[in-house]
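Just so you know, these numbers use all the heavy atoms, side chains as well, and skip hydrogens, waters and symmetry mates. The sequence lines fix the lettering, A, B, ..., with proteins before strands; numbering per chain opens at 1.
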Amino acid sequence: MTDHEAARREKLRKITELGHDPWGGRFDDRSLIGQLRARRGEIRFVKESGQTVEIPDRDAQPDLDFRGWLQDQGKGEMTGPKVRAAGRIVLSRDAGKLRFINIQDWTGNIQLMVGKAQVGDESWALAECFDLGDFIGVDGKLAYTKTGELTIFAEKLHFLTKSIAPPPDKHAGLADPELRQRMRYLDLAYSDGALDRFRNRTKVIQSVRDTLNKQGFCEIEGPTLHAIAGGAAARPFKTHHNTLDMPLVLRIALELHLKRLLVGGMERVYELGRVYRNEGISPRHNPEFTMLEVYQAFGDYGSMMDLTEAIIADAINAIDGNFKRSWSDTVIDFTPPFDRKTYDELFAEQTGVDATDQAAIKALADKIGFETAGKHPDVIKSEVFEEKVEDALVGPIFVTDYPASICPLTKRKRSNPAVAERFELFIQGMEVANAYTELNDPDLQEKLFKTQLAGLSEEESMAKMDHDFIRALKHGMPPAGGLGIGIDRLIMLLTDSPSIRDVILFPLLRPEGSS
RNA sequence: GAGCCUGUAGCUCAGUCGGUAGAGCAACGGACUUUUAAUCCGUAGGCCAUGGGUUCGAGUCCCAUCAGGCUCACCA
């Protein structure tokens, strides 16, 4: 046991001795600290003559010499509402028989003044057992100190919960990224901005649902345990069901079940949920992440583009309504409509090479040093695109109309079968959304599945072919637009968070002390 | 999976050329009834990530391991 813990346990003992429960209990009728701050206009100064004076608002006049102003009023008394608050002690200063304590709840932070003469010996003895990190409640008068700080002048103290372990540095908070992730509770409680970041995450997710529900979309919950990992090209996590003695995988995408629902007549349907990919970890990849997939019958990728803009604009309004958002040392302008450019236009812009000139593209690829022998011209083009174009897509920008051969499971343009009706939304070089006009021809789908699985043995291929999905398509899936949004990445961009682990409460980490 | 970087007190961090382990905050004792990163006086707190090696001597140099970060790879 550390000295810190021993000292805190000793105070815990004293609290019990004083007749208080160190683990507290229900505490009704408190105001949130944010609400209390909003009530500061009720505070008055009453002069000896009986004249009532309004208190100048320090937020409006930050340079005001409050102490001087107060002296100018002469003798009198500050009056303010009786309030009750509760929170965690985050700062404490004592000045003899007087203590200034800052408590914090999830709406803010406020100072308490506890005077021995004002609260009595009993409460004073309790206050001497307070440590940083404890939860306390207070009844008192909301008013200003001589220096103009909004303060609850304590009349009665309540003990709500003892903190046995010492908190991180009271100003620096937690700096070590490993500790911030492992001990997210401490990060939230003591690191600047951490709690707000995750509350903004909640607001974004709620807003996404609101936007879709308002437009008549229906939220569903598909299975997370799949027999076949379909809908994406990632490696799955494998698991096993004991009673059925059956291998299972965690889902890598939401797509195939949502499309079955289109067949079933759910015309506008979405799922906002977790998917799992057994791939590498990076500042943009966590093994489990939150994905939104939306399908709209009788729509196409164009309908999805408008919807994507609406989802993002509404999410920003839900946070703070600021469409010019800082991102690292730059600013992203999210004001819709976003730029829309075709794949070929961007290719030509960034490389100076005509996107339809296969020979010139191959020459460029050779110059970069790519292996080009035996590759499909569109594959070469796509490799050059990733190398030369994607990083330049600071966006937000919709990249539309991809070469059909690199997205086989997408419907082609009727006017040009070499082009797939697909867009991706890029922001700061990061792929945030991906949408298609969905393929609904079961024979073509089956053929393309087979081609996609061609590299695998027949046995593996059969195991990965989702025959039920093909069967569903045979019953008729209406023409539809489909959209996927990486919600964690969107939240990263909206909260100026450079790593996906900053917006996932409990990202995957190796266990501690695994040596 | 590869390369580079990091790991020192509860927290944030110094630690020079290899020569007895440092600071701020937090803690403990004391002074102070309007402080606000309060101040002042005093005290205590260390498996220098772990395990080896080199050396008279290692926080420091070398090797391995563990954990984390970044870059790359992987990744509709």
Output the rounded distance in Å from [atom1] ([X]) to [atom2] ([N]).
X: A:L112; N: B:U34; atom1: CG; atom2: P; answer: 17 Å
X: A:L174; N: B:A26; atom1: CG; atom2: P; answer: 16 Å
X: A:M113; N: B:U33; atom1: CE; atom2: P; answer: 12 Å
X: A:W124; N: B:U33; atom1: CH2; atom2: P; answer: 9 Å
X: A:R235; N: B:A73; atom1: CZ; atom2: P; answer: 15 Å
X: A:R99; N: B:U35; atom1: CZ; atom2: P; answer: 17 Å
X: A:K170; N: B:U35; atom1: NZ; atom2: P; answer: 16 Å
X: A:N109; N: B:A37; atom1: CG; atom2: C1'; answer: 13 Å

Got a sec, which residues hit side chain to side chain contact (heavy atoms under 4.5 Å, CB included) with A:P396, two or more places apart in sequence or on another chain? A:I332, A:F334, A:F338, A:L425, A:I427
Residues at least two apart in sequence or cross-chain that pass side chain to side chain contact (heavy atoms under 4.5 Å, CB included) with A:K47, listed by chain then number, are A:F45, A:S49, A:Q51, A:V53, A:Q73
Distance between the [atom1] atoms of [N] and [M], in whole angstroms?
N: B:G18; M: B:C62; atom1: C1'; result: 13 Å
N: B:C40; M: B:A21; atom1: C1'; result: 27 Å
N: B:G42; M: B:U50; atom1: P; result: 34 Å
N: B:G46; M: B:G7; atom1: C1'; result: 15 Å
N: B:G59; M: B:U8; atom1: P; result: 15 Å
N: B:A37; M: B:C47; atom1: P; result: 34 Å
N: B:A49; M: B:C13; atom1: P; result: 15 Å

On the nucleotide [N], are OP1 or OP2 found under 4.0 Å from the side-chain N or O atoms that [X] carries?
X: A:R67; N: B:U35; answer: yes
X: A:R93; N: B:U39; answer: no
X: A:K146; N: B:U33; answer: no
X: A:R277; N: B:C75; answer: no

If you count every heavy atom of other residues, nucleotides or ligands that lies below 6.0 Å from [X] atom [atom1], does the total exceed 12?
X: A:K156; atom1: NZ; result: no
X: A:K11; atom1: NZ; result: yes
X: A:D72; atom1: CG; result: yes
X: A:K141; atom1: NZ; result: yes
X: A:E345; atom1: CD; result: yes

Under a 4.0 Å N-O cut-off, is there an ion pair linking A:D502 with A:R180? no
Between A:E5 and A:R8, is there a salt bridge with N-O shorter than 4.0 Å? no
Is [X] touching bases, backbone alone, or none of the nucleic acid, heavy atoms closer than 4.0 Å?
X: A:L186; result: nothing
X: A:A175; result: sugar-phosphate
X: A:E255; result: base
X: A:Q118; result: base
X: A:G484; result: nothing
X: A:A253; result: nothing
X: A:Y190; result: nothing
X: A:D176; result: sugar-phosphate
X: A:R8; result: nothing

State which of [options] makes the closest approach to the side chain of [X].
X: A:H4; options: B:A38, B:A26, B:C11; result: B:A26
X: A:T145; options: B:U12, B:U35, B:A38; result: B:U35
X: A:L98; options: B:U33, B:C75, B:U35; result: B:U33
X: A:D131; options: B:A67, B:A44, B:C28; result: B:C28
X: A:T151; options: B:U35, B:A37, B:U33; result: B:U35

With nearest nucleotide decided by heavy atoms, which residue, A:G115 or A:G173, maps closer to the 5′ end of RNA chain B? A:G173
5′-ward residue of the pair A:R422/A:N102 relative to RNA chain B: A:N102
With hydrogens left out and only the distance checked, is there a donor-acceptor pair under 3.5 Å joining [X]'s side chain and the base of [N]?
X: A:H171; N: B:A37; result: yes
X: A:H285; N: B:C75; result: yes
X: A:Q111; N: B:U35; result: yes

Is the closest side-chain donor-acceptor distance between [X] and [Y] under 3.5 Å?
X: A:R489; Y: A:Q428; result: no
X: A:N440; Y: A:K411; result: yes
X: A:R422; Y: A:N434; result: yes

State the CZ-OG distance between A:F198 and A:S497, to the nearest 0.5 angstrom. 7.5 Å
Enter the distance from A:H226:NE2 to A:T224:OG1 here, rounded to the nearest 0.5 Å. 7.0 Å
Atom pairs under 3.5 Å, N or O on each side, protein against nucleotides 21-24 of chain B: can you list them with distances?
{"residue": "B:G24", "atom": "N2", "partner": "A:D169", "partner atom": "OD2", "Å": "3.1"}

Sequence neighbours excluded, which residues qualify as side chain to side chain donor-acceptor pair (under 3.5 Å) partners of A:T437? A:E421
Can you run through RNA chain B from 5' to 3' and write each base as (, ), [, ], | or . depending on how it pairs? Watson-Crick or G-U wobble, both distances under 3.5 Å. (((((((..((((.....[..)))).(((((.......))))).....(((((..]....))))))))))))....
Please produce a list of atom pairs where a protein N or O lies less than 3.5 Å from an N or O of nucleotides 69-71 of chain B.
{"residue": "B:G69", "atom": "OP1", "partner": "A:Q181", "partner atom": "OE1", "Å": "3.4"}
{"residue": "B:G69", "atom": "OP1", "partner": "A:R501", "partner atom": "NE", "Å": "2.7"}
{"residue": "B:G69", "atom": "OP1", "partner": "A:R501", "partner atom": "NH2", "Å": "3.2"}
{"residue": "B:C70", "atom": "OP2", "partner": "A:R501", "partner atom": "NH2", "Å": "2.5"}

Under the ring pair (Phe, Tyr, Trp, His ring centres under 6.0 Å) test against A:Y402, which residue among A:F423, A:Y436, A:Y343 passes? A:Y343
